[in-house]
Amino acid sequence: MFIESSICQVRATVMLYDDNSKRWVPAGSDSTSISRVQIYHNPSANTFRVVGRKMQADQQVVINCPIIKGMKYNQATPNFHQWRDHKQVWGLNFGSKEDATLFANTMTHALDTVSENGTCLTALCQG
């Protein structure tokens, strides 16, 4: 049974890096729009994931990414942060420095936690 709670909530535009065109593109539908991005923590499994939903009526999920041991998180600019999972490079373009700082602090905490405990769901750690 998964009992997750949100430990961080910010507003940001979720982007994906397109290797073919060598540029950032909006995740989900083609239009760039603000999403509510949260970091969820499952204390019983001690796992974390980033989930983002567009703030439009359809609330499309644009990111659902596990935070795994060894993942590199990069604050490219004060308002744009990025990381790579086993499939792609994600980017978040924050609306405010406060949101960026809150997200970065929570992401760092999550990465430290999974690194210390070595928690790794096998299906998520391949690649």
Side-chain angles (χ1 to χ4, degrees):
M1 183 163 82
F2 290 107
I3 300 173
E4 291 181 305
S5 60
S6 173
I7 58 171
C8 170
Q9 178 175 299
V10 298
R11 290 175 177 225
T13 303
V14 180
M15 308 292 283
L16 283 169
Y17 190 74
D18 179 11
D19 279 329
N20 296 328
S21 65
K22 304 289 185 218
R23 63 186 187 97
W24 290 97
V25 296
S29 56
D30 291 334
S31 64
T32 303
S33 62
I34 301 291
S35 296
R36 180 182 298 110
V37 180
Q38 295 174 283
I39 295 179
Y40 284 94
H41 178 222
N42 178 340
S44 59
N46 208 24
T47 56
F48 298 86
R49 65 188 176 117
V50 179
V51 177
R53 290 179 179 269
K54 290 207 174 187
M55 295 183 78
Q56 297 167 328
D58 65 350
Q59 293 199 352
Q60 177 189 18
V61 174
V62 290
I63 184 172
N64 185 356
C65 174
I67 299 173
I68 56 174
K69 184 175 182 174
M71 197 168 79
K72 299 282 187 265
Y73 183 71
N74 178 35
Q75 298 178 47
T77 70
N79 283 18
F80 187 81
H81 301 180
Q82 63 194 62
W83 69 92
R84 176 184 295 276
D85 69 9
H86 59 285
K87 288 188 280 200
Q88 57 218 356
V89 181
W90 295 96
L92 292 180
N93 197 7
F94 297 97
S96 72
K97 285 191 174 73
E98 294 77 19
D99 275 359
T101 301
L102 173 62
F103 188 88
N105 290 344
T106 308
M107 176 66 95
T108 301
H109 164 73
L111 286 168
D112 288 348
T113 301
V114 297
S115 293
E116 286 168 14
N117 297 329
T119 301
C120 180
L121 302 176
T122 305
L124 301 177
C125 294
Q126 298 168 345

Less than 4.5 Å apart, any side-chain heavy atom of [X] and any of [Y]?
{"X": "W24", "Y": "L16", "result": "no"}
{"X": "C8", "Y": "Q38", "result": "no"}
{"X": "C65", "Y": "W83", "result": "yes"}
{"X": "L92", "Y": "F80", "result": "no"}
{"X": "I3", "Y": "S44", "result": "no"}
{"X": "D112", "Y": "T108", "result": "yes"}
{"X": "I34", "Y": "T13", "result": "yes"}

**Request:** Kindly determine whether M15 and V25 satisfy side-chain contact (heavy atoms from CB on, under 4.5 Å), including the steps that lead there.
**Result:** CA-CA 5 Å; M15 308 292 283; V25 296; 5.7 Å; no
Please report the closest heavy-atom contact between [X] and [Y], naming both atoms and the distance.
{"X": "G70", "Y": "S115", "answer": "N-OG, 4.4 Å"}
{"X": "P78", "Y": "A100", "answer": "O-CB, 3.1 Å"}
{"X": "G28", "Y": "Q60", "answer": "CA-NE2, 3.4 Å"}

**Message:** Ignoring hydrogens and geometry beyond distance, is a side-chain donor-acceptor pair present between D18 and S21 at under 3.5 Å?
**Reply:** yes
**Polar side chain donor-acceptor pair, N93 to H81, under 3.5 angstrom** = no
Working to the nearest 0.5 angstrom, can you tell me the gap between [X] [atom1] and [Y] [atom2]?
{"X": "K69", "Y": "E116", "atom1": "NZ", "atom2": "CD", "result": "10.0 Å"}
{"X": "I39", "Y": "Q9", "atom1": "CD1", "atom2": "CD", "result": "11.5 Å"}
{"X": "S33", "Y": "M55", "atom1": "OG", "atom2": "CE", "result": "10.0 Å"}
{"X": "H41", "Y": "R49", "atom1": "NE2", "atom2": "CZ", "result": "12.5 Å"}
{"X": "I68", "Y": "L111", "atom1": "CD1", "atom2": "CG", "result": "9.5 Å"}
{"X": "N42", "Y": "T47", "atom1": "CG", "atom2": "OG1", "result": "4.0 Å"}

**Prompt:** Hey, quick one: are I63 and F94 part of the same hydrophobic cluster, counting side-chain heavy atoms closer than 4.5 Å, chains of contacts allowed?
**Reply:** yes
**Asked** Same hydrophobic cluster for Y40 and W90, using side-chain heavy-atom links shorter than 4.5 Å among ILVMFWY?
**Response** no
**Asked** When the ring planes of Y73 and F103 are compared, do they come out parallel, tilted or perpendicular, using 30° and 60° as the limits?
**Response** tilted
**Message:** Can you classify the ring geometry of H109 versus F48 as parallel (below 30°), tilted (30 to 60°) or perpendicular (above 60°)?
**Reply:** perpendicular
**Request:** Decide yes or no on side-chain contact (heavy atoms from CB on, under 4.5 Å) for V62 and R53, but give the supporting numbers first.
**Result:** CA-CA 6 Å; V62 290; R53 290 179 179 269; over 6 Å; no
**Request:** Examine distances only and state if a side-chain atom of S35 and a backbone atom of V37 form a donor-acceptor pair shorter than 3.5 Å.
**Result:** no
**Prompt:** Looking only at atom types and distance, does a side-chain atom of D99 sit under 3.5 Å from a main-chain N or O of R11, one as donor and one as acceptor?
**Reply:** yes
**Worked check of side-chain contact (heavy atoms from CB on, under 4.5 Å) between M107 and I67** = CA-CA 8 Å; M107 176 66 95; I67 299 173; 3.7 Å; yes
